[in-house]
Colleague: 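The structure that follows is given in the form of C-alpha cells.
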Amino acid sequence: MRMSQLFVQTLREFPSDAEVISHKLLVRAGYIRKLANGIYNYLPLMWRVIKKVENIVREEMDRAGAQELLMPFVQPSELWQESGRWEVYGKELMRLKDRHSREMCLGPTHEEVITSIAREGIRSYKQLPVNLYQIQSKFRDEIRPRFGLLRGREFIMKDAYSFDASQEGLEKSYKIMWEAYTRIFERCGLETKAVQSDSGAIGGSISHEFMVLVNDKAENNAGENDVFYCSKCDYSANSNHAVSVLNSAETNGKFEKAQIIDTPDTGSIDELAKFLKVPSSVICKSLVYVIDGKYVVALIRGDRTIEETKLMNAFAGNEIRIARNDEIEEIMSASGFSAIPGFIGPKGLKNVEIIADETVRELKNFVIGINQTDKHLIGANWGIDVELPKKITDIRLVQEGDKCPCCNSDLKVTKGIEVGNIFQLGTKYSKAMNATFTDKDGQERPFIMGCYGIGITRTAAAAVERHHDEYGIIWPVSIAPYLVTVVPVSDIDEEQMNVATSIYNKLLEKGIEVLLDDRSERAGVKLKDADLIGIPYRITVGKLIKDNLVEFKIRANNETQTLTIDEAIEKICNIS
RNA sequence: CGGGAUGUAGCGCAGCUUGGUAGCGCACCUCGCUUGGGACGAGGGGGUCGCAGGUUCAAAUCCUGUCAUCCCGACCA
C-alpha cells in the first residue's frame with residue numbers, strides 16, 4: 001500500500017481525553033477514532049491488526065478442535081428470561097424494543113443463544129464433546145467506559161462454548177482451551193499469566209483469567225486488576241478471589257474489663273486506634289453494605305479490608321454497594337439506636353444480616369462499635385459481650401506480604417490486563433434452559449458447559465501497552481498492520497524514488513505486507529510517522545543509494561544497519 | 001449514582017474575571033522554496049463558541065436549565 005493512498009491521519013499531539021498509553025497512541029497514530037463514549041471506529045490500520053489477532057485466534061481454536069459459527073448480535077429477551085439473567089444482569093445489558101414492542105437486547109455474551117443451539121442440535125452423548133465459537137462485536141453498557149479499547153462498551157470478542165457429557169469431559173475441554181490460550185497470546189507477542197478468578201455473573205465454579213501483567217506503578221493504570229501471586233509456587237489469583245494465610249497479628253486488646261467508654265471523633269479505625277493507643281488489629285470493624293437491596297453488616301478485623309466480591313458471593317448476590325448515610329440512619333432508628341458510621345456495631349441490630357470475616361474469630365478483649373456515637377465498647381469478648389456471628393467466612397482482601405495458601409511463601413501483587421478467561425460453567429445454563437442430551441444409560445442429562453472468552457480488541461490494545469516507546473507503537477511482527485515500510489528520503493530524487501518503488505514492488509511480489517511512503521513530505525515527517533505507527537521494519541532509501549546501499553531499521557530496538565538493496569529484501573523475506 | 005472539571009475550526013488551546021465584528025499553533029488548499037528525524041515564506045478555506053431559554057441596545061463572555069465528555073469513587077464476563 002502506498003502511504004499517499006492509505007487512509008490514515010496521524011496527529012501531531014496526543015488527544016486530550018486519553019489517559020492510558022494504548023489509547024493515546026492508537027488515536028494519535030490514526031488507528032482508531034471515537035464515535036461515542038466507549039464506541040470506536042476501527043480505521044484501516046486498526047482493522048488490519050484486529051484481523052491479525054482474529055486469525056491467530058481462529059487458527060488456534062480450529063487446531064484445538066473448536067468450530068466457528070456466528071450468532072445474532074440482537075437477541076430476544078425470552079432466552080434471557082429462561083436463564084434468569086434478564087432480571088439479574090442489570091443495566092450493563094443494553095435492552096431495546098423492536099417495532100412490535102418486543103423486548104430485545106444487544107448481546108454482551110452468548111450463553112443463552114448457544115445453549116438454545118445445543119438444545120436443538122445435540123440429542124446424544126455420541127455427539128459430544130462439542131466446542132463452538134464466534135468472533136463478533138459485543139455490547140456492554142459499562143458504567144464507566146475508559147482507557148480506549150481496553151474498556152469500551154462495544155468491543156470485539158471471541159467467545160467459545162464447550163458441551164460435555166461429564167465433569168471429566170469438561171475438565172479436558174477446559175485444559176485444551178487453556179493450552180490454546182497460552183499459544184494464542186504467545187503468538188500475539190504477549191506474556192500472560194493464568195490466574196484464579198471470581199466467576200461473577202456468568203456463574204459456575206472454576207475459572208481462570210489470562211492476564212497480561214503490567215507492573216505499572218504511577219505512570220499508567222491500564223492494568224485494572226490486582227493480581228496476587230506467590231513468590232515461590234504457581235499460585236496466582238485475581239484480588240477478588242485470592243485467599244491467603246494471615247501473618248500473625250496482635251489480636252488481644254488486653255483491656256481488663258468490658259466497658260463502654262467515650263471515644264470522641266474516632267470515626268475511622270486509625271483515629272480510634274490512635275485514641276485508644278492500641279493496634280488496629282484489636283478493633284472489630286463493622287461496615288454496612290446493601291446487597292441486592294438487603295442490608296448486611298460485615299465485620300472484619302480493623303487492619304484488614306473487605307473484598308466486596310467475596311462478600312457479595314457469600315450472599316449469592318448480584319449487586320453490592322456500601323450503604324448510604326440515610327440508609328444507615330434507617331437501620332439505626334429501626335433498632336432504636338442513633339449512631340453515625342464509625343460507631344456502628346452488630347449488637348442489637350434488627351432486620352440486618354450479619355457476617356464476619358474469619359479474622360474476627362480470634363479477637364480477645366477487643367474494641368467494637370456499640371451503636372452510640374462517640375462511644376465504643378472496649379474489652380469485649382465473643383459470647384459474653386457480643387454474639388459471634390453465625391455466618392463466618394473469608395471476605396477479606398488479600399494484602400501483599402500475606403502468605404501463600406499453597407506453600408506459605410510471601411504473596412506479591414501486580415497489575416494485570418485481563419485479555420481472556422475460561423470458565424467451567426457446569427449445568428447452570430443447560431439446567432435453567434432445559435438443554436439436555438441422552439446419556440449412555442438412556443437418561444436425559446443437562447450439558448456440562450464451559451465458556452471461554454478472548455477480548456480481541458483488548459488484546460490488541462494490551463499489545464500496545466506492552467510494546468511501545470517514546471516514539472510510538474512497536475507492534476509484535478505477528479499482529480503488525482504491515483511488516484515493513486519503504487521510505488524514500490526525498491520524493492523528488494528520482495533515483496531514490498525509483499529504487500524505493502522497485503523494492504516495494506519486489507516485496508509485493510513476494511506477498512509481503514509492505515508500505516511505500518511515497519508522500520511528498522520531508523524526511524522527518526515520514527520517519528516520525530513510521531515510528532509512531534509502529535511498523536516493525538523500515539527500509540530507508542537515501543543518499544547511500546549511489547553505492548547501492550539502503551538503511552535497514554528494526555523498530556523494536558531502533559537499531560539500524562546498512563545493507564545492499566538485495567540484502568535488505570532478502571532479510572525481510574526471511575523474517576516473513 | 002456521588003465528588004471534581006471541561007465543552008470555542010479536524011487536533012491542541014487562548015479569549016470569559018471587566019459583555020462591543022471569534023483568535024493562536026498544528027492539520028487542510030494554492031504558489032514558491034526545501035528533502036536523513038514533525039522546515040520556511042506568501043496567500044487562502046473552514047467555527048450556529050455543546051444545546052435551549054433568560055438578562056441586555058448588544059452574550060463565547062452574565063444567569064437558569066439541559067446535554068455531552070474527562071477524572072476520582074462506587075461498579076465491572
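Chain A is the first sequence line, chain B the second, and so forth, proteins listed ahead of strands; every chain is numbered from 1.
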Colleague: Taking E418(A)'s backbone N and O only, do any of them form a donor-acceptor pair with R458(A)'s side chain (distance below 3.5 Å, no angle check)?
Modeller: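 Yes, R458(A) side chain to E418(A) backbone: donor-acceptor pair under 3.5 Å.
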Colleague: Considering only atom P, compute the distance from G23(B) to C70(B) and round it to an integer number of Å.
Modeller: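 Pairwise P distance, G23(B) against C70(B), rounds to 31 Å.
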Colleague: Might you list the N or O atoms of the protein lying below 3.5 Å from N or O atoms in nucleotides 9-13 of chain B, with each pair's distance?
Modeller:
unit_1 : atom_1 : unit_2 : atom_2 : d
G12(B) : OP1    : S16(A) : N      : 3.0
G12(B) : OP1    : S16(A) : OG     : 3.1
G12(B) : O2'    : E13(A) : OE2    : 3.0
C13(B) : OP2    : S16(A) : OG     : 3.3

Colleague: In whole Å, I'd like the distance from the CD atom of E521(A) to the P atom of A27(B).
Modeller: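 In whole Å, A27(B) P lies 8 Å from E521(A) CD.
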Colleague: At 4.0 Å (heavy atoms only), tell me whether K34(A) reaches a base, stays on the sugar-phosphate, or touches nothing.
Modeller: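 Touches sugar-phosphate only.
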Colleague: Identify whether any heavy atom of E209(A) sits under 4.0 Å from a base atom; if not, whether one sits that close to sugar-phosphate; answer base, sugar-phosphate or nothing.
Modeller: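 No contact.
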Colleague: Output yes when at least one side-chain N/O atom of N37(A) is less than 4.0 Å from OP1 or OP2 of A68(B), else no.
Modeller: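 Looking at the OP1 and OP2 atoms of A68(B), neither is under 4.0 Å from any side-chain N or O of N37(A).
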Colleague: Tell me the interatomic distance from R153(A), atom CZ, to C76(B), atom P, rounded to whole angstroms.
Modeller: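 It works out to 18 Å between those atoms.
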Colleague: When the C1' atoms of G25(B) and U64(B) are considered, how many whole Å apart are they?
Modeller: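 Roughly 35 Å separates the two C1' atoms.
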Colleague: Please state whether the phosphate of G36(B), meaning OP1 or OP2, lies under 4.0 angstrom from any side-chain nitrogen or oxygen of K543(A).
Modeller: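 Yes.
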Colleague: Under 4.0 Å between a side-chain N/O of R12(A) and OP1 or OP2 of A27(B), yes or no?
Modeller: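 Answer yes for this pair, as a side-chain N or O of R12(A) is under 4.0 Å from OP1 or OP2.
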Colleague: Strictly distance-based, threshold 3.5 Å: is any side-chain N or O of D357(A) a donor or acceptor partner for the main-chain N or O of I395(A)?
Modeller: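 Here the side-chain-to-backbone pair exists.
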Colleague: If we check ring-ring contact (aromatic ring centres under 6.0 Å, His included) with H23(A), which of these qualifies: Y31(A), F14(A), Y40(A)?
Modeller: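 Of the listed residues Y31(A), F14(A), Y40(A), the ring-ring contact (aromatic ring centres under 6.0 Å, His included) partner of H23(A) is Y40(A).
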Colleague: Quantified in whole Å, what is the C1' atom distance between nucleotide U34(B) and nucleotide G38(B)?
Modeller: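 Their C1' atoms lie roughly 14 Å apart.
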Colleague: Of the options E179(A), H208(A), Q424(A), which is the one that meets Y174(A) in a side-chain hydrogen bond (donor to acceptor under 3.5 Å, both in side chains)?
Modeller: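 Running side-chain hydrogen bond (donor to acceptor under 3.5 Å, both in side chains) over E179(A), H208(A), Q424(A) with Y174(A) returns exactly one hit, H208(A).
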Colleague: If we take the P atom in both A27(B) and A42(B), what is their distance in whole Å?
Modeller: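 So the two P atoms sit 15 Å from each other.
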Colleague: Quick one: is C72(B) close enough that its OP1 or OP2 comes under 4.0 Å of any side-chain N or O from R146(A)?
Modeller: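 Yes, because at least one side-chain N or O of R146(A) sits under 4.0 Å from OP1 or OP2 of C72(B).
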Colleague: Quick one: look up who C16(B) pairs with, Watson-Crick or G-U, both distances under 3.5 Å, and put none if it's unpaired.
Modeller: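 With both distances under 3.5 Å required, C16(B) matches none.
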Colleague: L35(A) has an atom CG; how far is it from atom C1' of U69(B), in whole Å?
Modeller: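 After rounding, the gap between these two atoms is 14 Å.
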Colleague: Does C70(B) have OP1 or OP2 sitting under 4.0 Å from an N or O in the side chain of R144(A)?
Modeller: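 For C70(B), OP1/OP2 do not have a side-chain N/O of R144(A) under 4.0 Å.
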Colleague: With K571(A) as the cation and F552(A) as the aromatic partner, state whether NZ or CZ is under 6.0 Å from the six-membered ring centre and within 45° of the axis.
Modeller: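 K571(A) over F552(A) ring: yes.
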Colleague: Taking the P atom in each of U21(B) and C49(B), what is the distance between them to the nearest angstrom?
Modeller: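 15 Å, rounded to whole Å.
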Colleague: Between the protein and nucleotides 32-34 of chain B, are there any N/O to N/O pairs under 3.5 Å, and if so, what are the atom names and distances?
Modeller:
unit_1 : atom_1 : unit_2  : atom_2 : d
U34(B) : O2'    : R522(A) : NH1    : 3.0
U34(B) : O2     : R522(A) : NH1    : 3.1

Colleague: Taking the side chain of D491(A) as heavy atoms from C-beta outward, which of G36(B), U35(B), G37(B) is closest to it?
Modeller: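 Shortest atom-to-atom distance from the side chain points to U35(B).
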Colleague: Check the orientation of F185(A) and F210(A). Use parallel for under 30°, tilted for 30 to 60°, and perpendicular for over 60°.
Modeller: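 Answer is tilted, since the angle falls between 30° and 60°.
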